[in-house]
Visitor: 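Questions regarding the structure given below will be posed in turn.
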Amino acid sequence: MRLFNTLTGAVEPLRPRDEGRLGIYVCGPTVQGPPHFGHARTYTTVDVLRRFLEWTGLDVYVVRNVTDIEDNIIAKADAEGCTAASLAEHYTRVWEQEIGRLGIRPPDVTPRATGHVPEIHELIVRLIERGAAYPAGGDVYFSVRAFEEYGKLSGRRPDDLRAGARVAPDERKRDPLDFVLWKGAKPGEPSWNSPWGPGRPGWHIECSAMATKYLGADFDLHVGGSDLRFPHHENEIAQWEAATGTPFARMWMHTGMLTLDNAKMSKSVGNIIALTEATDRYGPATLRMFYLRAHYRKPVDFSEARLEEAAAAYERLAGFVRATAALDSDTPLDSTAREEFATAMSDDLSTARALAGLFDLVATGNQELEAGRTGRAAAHRDAVVELAGVLGFDFAETGAADQRLIDGLVAELVTLRDEARSQRDFATSDRIRERLRKLGVELADSRDGTRWHVARRV
Ligand code: AMP
Ligand code: ZN
């Protein structure tokens, strides 16, 4: 397997530190709100990388953190009149559910920032001891000038960054480039005790502490969106390497941004499409196909037309699998298709090329079917199911069109029930709820209306 390593700017062989076992750390969500369509691109990329490497026989261990304490979480909790912890807990569950719906396998470990305050303290203490950090009025800052290699990931060197930078009058840092490791708490803010007074961890330090806790120093692969390359990832490296003198991550993989009208999809820009809406509307397989048709490093702009193309592409695979479902295969295909698939995937995860190979298999398989050579057609189907499975497609899943019909029917019933309730006809509304429950569909009423999910299949 070869991957583009942002640290060196070259496509390089992936060589695990421990033979046969690959450790991946991916920056997880700041749980201040639900995931959007862009977030899932980065996590789908990790999912497909992991599935492929496991298929080649490697043991893969994935760590994805949860940033569960942060300024935006505190501000939003204040606005909603709840605690930061309960807001973070709520959105952690929402994330797990939404990402899970896409068939993205859960990480092996999901460490939370608030569960790793001792590890974060230890790292900060080491940085202070080595002269790479300093306490200032309840905060602690990292001293960027103290780490000579600062800028090696992003190419942004302190001398270039310095121009124009100034310390704001209310800031305690000595140098405008310095960044916060520990943030002293203002009255009323959630806080943890520390040698520097009550406060909370800065965002960057949690990833340095948690990645190395679960994967050790010099771990194999660090993944994140390209938006995090600077300053977040640059700072992750600086914190660990300045504290310990040992290397942090061997390889850095950065996923391209999902954009809307060519601007990064992000909460702060306000141009987001909620993941739950996209999944409801298009179905998980279409979203996965949408992401995988592009190379993971390239930015991709959201468009209806592209999603329709993705739906059609998935249907080409699924339609062939359906048409051959009842057929028994004769001898399996020779290894050519699998080898071509592996070659494409090993070449910096070229999923679009891997998919092109699958469409070729479908085309030949359809010809076999038309020619009445059903055993051959079924052999092609077996190869399609296996290789598409490595990309995370599961043909047992309901098709997007079927899903839209089901969603529409349930929504109609929920509307009827809401109408009955608003007329205080509770006998009817309860009957609808009960009948749906018998079909395995559970309704949950909340302030924002009624949501439903399939609790069990009948
Ligand atoms: P956040 O919670 O915004 O820090 O993002 C969580 C993860 O999703 C990070 O790895 C980000 O780099 C990634 N991410 C955020 N926005 C996008 C986007 N528009 N496209 C692709 N990845 C994104
Ligand atoms: Zn991170």
Side-chain angles (χ1 to χ4, degrees), residues 28-40 43 66-104 106 110 112 114 190 265-284 286-287 397-398 400 402-458:
T30 302
V31 282
Q32 53 160 319
H36 61 60
F37 192 67
H39 290 130
Y43 299 135
V66 176
T67 301
D68 61 347
I69 187 72
E70 189 259 354
D71 293 357
N72 288 317
I73 296 176
I74 296 173
K76 191 156 176 197
D78 275 350
E80 300 204 354
C82 64
T83 63
S86 67
L87 187 103
E89 181 63 27
H90 170 74
Y91 285 116
T92 302
R93 286 169 192 234
V94 170
W95 267 80
E96 271 171 15
Q97 184 175 339
E98 293 305 325
I99 291 288
R101 271 173 88 195
L102 289 195
I104 293 170
T110 313
R112 294 163 176 236
T114 58
M265 185 174 286
S266 101
K267 207 174 157 57
S268 52
V269 180
N271 60 345
I272 51 175
I273 294 169
L275 185 59
T276 179
E277 278 162 32
T279 312
D280 285 348
R281 182 142 176 223
Y282 304 104
T286 295
L287 298 195
E397 170 187 297
T398 320
D402 299 334
Q403 191 61 48
R404 273 199 293 278
L405 176 65
I406 295 168
D407 290 349
L409 291 171
V410 177
E412 283 302 326
L413 287 165
V414 169
T415 309
L416 284 176
R417 176 171 167 270
D418 287 345
E419 282 168 12
R421 283 208 304 170
S422 65
Q423 289 160 16
R424 310 195 65 76
D425 176 2
F426 297 115
T428 303
S429 74
D430 288 347
R431 203 162 59 234
I432 294 174
R433 175 196 280 274
E434 262 322 296
R435 288 191 176 178
L436 281 172
R437 179 172 290 153
K438 282 198 181 125
L439 291 168
V441 177
E442 292 287 344
L443 305 184
D445 298 315
S446 78
R447 267 189 320 202
D448 311 326
T450 306
R451 296 181 66 95
W452 62 273
H453 72 281
V454 181
R456 67 195 158 81
R457 304 233 170 236
V458 290

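What you see is a predicted model; the values in this text were computed from it and never measured. Scope of the values below: all heavy atoms of this structure, side chains included, with no hydrogens, waters or symmetry mates. One is the number of the first residue; the rest follow in order along the sequence.
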Visitor: Is there a donor-acceptor pair closer than 3.5 Å between any side-chain N or O of Ser86 and the backbone N or O of Cys82?
Guide: no
Visitor: For the residue pair Asp407 and Asp280, what are the closest heavy atoms and their distance?
Guide: OD2-O, 3.2 Å
Visitor: Just jot down the ring-ring contact (aromatic ring centres under 6.0 Å, His included) partners of Tyr43, sequence neighbours excluded, or say none.
Guide: none
Visitor: For Arg93, is there an ion pair with Glu96 - N to carboxylate O distance below 4.0 angstrom?
Guide: no
Visitor: Any chance you could measure Thr450, atom OG1, to Leu413, atom CG, to the nearest 0.5 Å?
Guide: 12.0 Å
Visitor: By ring-ring contact (aromatic ring centres under 6.0 Å, His included), which residues pair with His39, not counting sequence neighbours?
Guide: His36, Trp95
Visitor: Does anything in residues 73-84 form a salt bridge (Lys or Arg N to Asp or Glu O under 4.0 Å)? List the pairs, not counting sequence neighbours.
Guide: none
Visitor: Checking Asp68 side chain against Thr114 main chain: does a donor-acceptor pair fall under 3.5 Å?
Guide: yes
Visitor: Of all residues at least two apart in sequence or in a different chain, which pass the salt bridge (Lys or Arg N to Asp or Glu O under 4.0 Å) check with Arg421?
Guide: Asp418, Asp445
Visitor: Does Ser429 have any side-chain hydrogen bond (donor to acceptor under 3.5 Å, both in side chains) partners at least two apart in sequence or in another chain, and if so, which?
Guide: none
Visitor: Could you tell me if the side chain of Phe37 sits less than 4.5 Å from the side chain of Thr279, heavy atoms only?
Guide: no
Visitor: Given Thr30, which partner from the list Val66, Thr67, Asp71, Asn72 fulfils the side chain to side chain contact (heavy atoms under 4.5 Å, CB included) test?
Guide: Thr67
Visitor: Check whether any side-chain heavy atom of Leu275 sits under 4.5 Å from a side-chain heavy atom of Ile99, and report yes or no.
Guide: yes
Visitor: Considering only heavy atoms from C-beta outward, does the side chain of Arg417 approach that of Leu443 to under 4.5 Å?
Guide: yes
Visitor: How close do Pro284 and Leu102 get, heavy atom to heavy atom, and via which atoms?
Guide: CA-CD2, 4.0 Å
Visitor: Where is the tightest heavy-atom contact between Ile273 and Ala278, given as atom of each residue plus distance?
Guide: CG2-CB, 4.3 Å
Visitor: Is the shortest side-chain heavy-atom distance between Ile69 and Ile74 below 4.5 Å?
Guide: yes
Visitor: Just do the side-chain contact (heavy atoms from CB on, under 4.5 Å) check on Arg451 and Thr276 with the steps written out, would you?
Guide: CA-CA 12 Å; Arg451 296 181 66 95; Thr276 179; 3.7 Å; yes
Visitor: What residues, two or more places apart in sequence or in another chain, satisfy side chain to side chain contact (heavy atoms under 4.5 Å, CB included) together with Arg431?
Guide: Thr428, Arg435
Visitor: Any idea which heavy atoms bring Asn271 and Ser266 closest together, and the distance?
Guide: OD1-N, 3.0 Å
